[in-house]
Amino acid sequence: MNHPIANHLIHWHEAHPRALVWKQYSDAYSIWLSEIIMQQTRVEQGSAYFEAFKNAFPTVFDLAKAPLDEVIRLWEGLGYYSRARNLHLTAQVLVKDYQGVFPKTPNEIQQLKGIGPYTAAAIASFAFNYPIAAIDGNAYRVLSRLFDIDTPIDSSSGRKQFQELGNSLLDPAKSGTFNQALMNFGALVCTPKKPKCNDCVLQQQCLSFSNQTTDSRPVKSKSLKKTPRYFNYFFLQQGKDTWIGERKSADIWQNLYEFPLIETSRPLDLDSLVEQAQAKNFLPAEFTIKKLHTDLKQILSHRIIYTKIVEIEVPKAFSLPHFQKTAIQAIGSQPFPRILKKFLTQQGISANSNQ
DNA sequence: AACTCGGGGGC
DNA sequence: GCCCCAGAGTT
């Protein structure tokens, strides 16, 4: 009995064919070669390498008898060069110990150097239709969203959970097609950023869609800690005065004080920052940029705050609504985030730190 | 479980 | 700058 999700994926897959250069081959050697080349590699980058390798080494015997130098040279520019060394070594093992014939079960295949759980499952299912799910980055993402699973995918329990889930979904008679469908779906629809949920044939049964958690799936134990934010402060100076404001929203540093802030989704250069500050009326028509302080960083439990501070002198006539005008030497009496406190101390301001 | 291995593209 | 990419090997 076929799982409905597998049926949907396979139907979608058949309606949206993807031209992958290695899919014209169905022999284990070509599949193995393509899978090694494509590990942690984008299709656009790896395709030409596959064709070059297939051209230079049409069979496992050609690869095995080639000098390692030649294999490395063909690999040049692809990265992770141990893949090339293991590829060559495994070709020689296959010729010497296996008469050039691939073993047919995942456990046997995974004994070969350079082949881990994913690649073993991919070869076994694509070449021999062995019923096992090939769990790559796409599969982790798609499955974690469909079932709204927050188990970290980079934990041993997570790997086990997703492997078993994948195995339970696939149609044993069509494991290769299922695996291909799952990966293509992840690459084209259920993408890491801005997934195409509006065009998704599985939207109805996607738990993370209904729970609005697609942006935080899959969970990784490492990345859970350090989502970057980019804070750009404007240290405006009018003689001995400056402007500060209280952080009031339900966010980090609530009720602490700060300079006028522009938060951006990525690092911006000085010109762009000034442009945005003008748009928000943080600046008068005329001003003097005194200095840009950069390389300020604060690491929180789950965030890294990359901070820039633009130091600007403004004319006497300027005033900034919605912010408190304060004597620079007196701002130490207000609570500031550590990174701003540190900055002020470095500037010789606000010596009365009490944190 | 944590670290290391790369180059490229996206934002 | 950091994430992500048809992950795996070593410590």
Side-chain angles (χ1 to χ4, degrees), chain A residues 13 18 20-23 30-50 72 75-87 89-90 109-127 133-142 144 152-160 162-163 166 176 178-188 190-195 215-232 264-269 272 294-297 299 302-308:
Chain A
H13 170 58
R18 197 178 179 198
L20 300 170
V21 293
W22 55 91
K23 283 299 168 185
S30 299
I31 290 166
W32 166 59
L33 179 61
S34 72
E35 293 299 340
I36 300 299
I37 288 174
M38 296 314 299
Q39 285 170 3
Q40 292 294 283
T41 302
R42 292 163 181 263
V43 167
E44 307 83 64
Q45 185 188 9
S47 295
Y49 284 84
F50 171 78
I72 300 290
W75 199 272
E76 188 177 2
L78 241 200
Y80 285 150
Y81 293 91
S82 66
R83 287 185 293 168
R85 293 192 294 275
N86 287 333
L87 183 76
L89 174 66
T90 291
I109 295 171
Q110 201 176 328
Q111 303 305 312
L112 300 165
K113 282 283 190 198
I115 299 180
Y118 162 74
T119 303
I123 295 171
S125 65
F126 291 147
I135 309 297
D136 73 331
N138 291 303
Y140 279 117
R141 187 172 56 254
V142 174
S144 69
I153 62 172
D154 54 351
S155 65
S156 55
S157 62
R159 284 187 285 272
K160 184 169 185 286
F162 282 95
Q163 181 68 57
F178 171 81
N179 285 333
Q180 189 60 52
L182 187 58
M183 283 190 277
N184 283 3
F185 188 78
L188 299 179
C190 198
T191 49
K193 292 170 190 170
K194 298 182 179 176
D215 286 349
S216 46
R217 299 287 177 272
V219 170
K220 291 186 181 179
S221 56
K222 292 188 299 263
S223 73
L224 201 126
K225 295 174 183 165
K226 294 175 172 51
T227 307
R229 295 177 68 172
Y230 303 93
F231 284 11
N232 308 281
T264 55
S265 56
R266 56 194 173 87
L268 293 185
D269 60 25
S272 306
T294 181
D295 294 327
L296 299 163
K297 183 170 70 173
I299 300 174
H302 59 306
R303 300 278 190 205
I304 302 183
I305 313 294
Y306 295 95
T307 303
K308 292 179 180 175

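Here is how names work: the chains are called A, B, and so on, in the same order as the sequence lines, proteins then strands, and each is numbered from 1.
- Regarding A/Asp136, its CG atom lies at a distance of 5 Å from the C1' atom of C/dA6, rounded to whole Å.
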Look for any protein N or O under 3.5 Å of an N or O in nucleotides 9-11 of chain B and output each such pair with its distance, or none.
none

Set out, line by line, the N/O atom pairs under 3.5 Å between protein and nucleotides 3-5 of chain B.
{"from": "B/dC5", "atom 1": "N3", "to": "A/Tyr80", "atom 2": "OH", "distance (Å)": "3.2"}

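- Taking every side-chain heavy atom of A/Leu20 into account, C/dA6 is the closest of C/dC5, B/dG7, C/dA6.
- Scored by the ring pair (Phe, Tyr, Trp, His ring centres under 6.0 Å) test, A/Tyr49 finds no partners at all (sequence neighbours excluded).
- A/Asp269 is linked by a side chain to side chain donor-acceptor pair (under 3.5 Å) to A/Ser272, counting only residues two or more places apart in sequence or in another chain.
- Not one side-chain nitrogen or oxygen of A/Thr41 sits closer than 4.0 Å to the OP1 or OP2 atom of C/dG7.
- The stretch residues 112-121 of chain A does not touch DNA chain B, since none of its heavy atoms comes less than 4.0 Å from the strand.
- Here A/Gln180 lies in heavy-atom contact (under 4.0 Å) with a base.
- The side chain of A/Gln40 has B/dG6 as its nearest neighbour among C/dC4, C/dA6, B/dG6.
- Listed by chain and number, the residues in a side chain to side chain contact (heavy atoms under 4.5 Å, CB included) with A/Ser216 are A/Thr213 (sequence neighbours excluded).
- With sequence neighbours excluded, the residues forming a side chain to side chain donor-acceptor pair (under 3.5 Å) with A/Thr119 are A/Gln39, listed by chain and number.
- Scanning DNA chain B for stems, defined as runs of 3 or more consecutive Watson-Crick or G-U wobble pairs whose donor-acceptor distances all fall under 3.5 Å, gives the following ranges: B:1-5 with C:7-11, B:7-11 with C:1-5.
- Residues forming a side chain to side chain contact (heavy atoms under 4.5 Å, CB included) with A/Asp136 (at least two apart in sequence, or on another chain): A/Tyr118, A/Asn138, A/Ala139, A/Met183.
- Across the protein-nucleic acid pair, A/Leu182 atom CG and C/dA6 atom P stand 12 Å apart, rounded to whole Å.
- Applying the ring pair (Phe, Tyr, Trp, His ring centres under 6.0 Å) criterion to A/Phe185, with sequence neighbours excluded, gives A/Trp12.
- For A/Ser144, there are no side chain to side chain donor-acceptor pair (under 3.5 Å) partners, not counting sequence neighbours.
- Set against C/dG7, C/dA6, B/dG6, the side chain of A/Gln39 has C/dG7 as its closest nucleotide.
- Judged as a side chain to side chain contact (heavy atoms under 4.5 Å, CB included), and not counting sequence neighbours, the contacts of A/Lys113 are A/Asn86, A/Leu89, A/Thr90.
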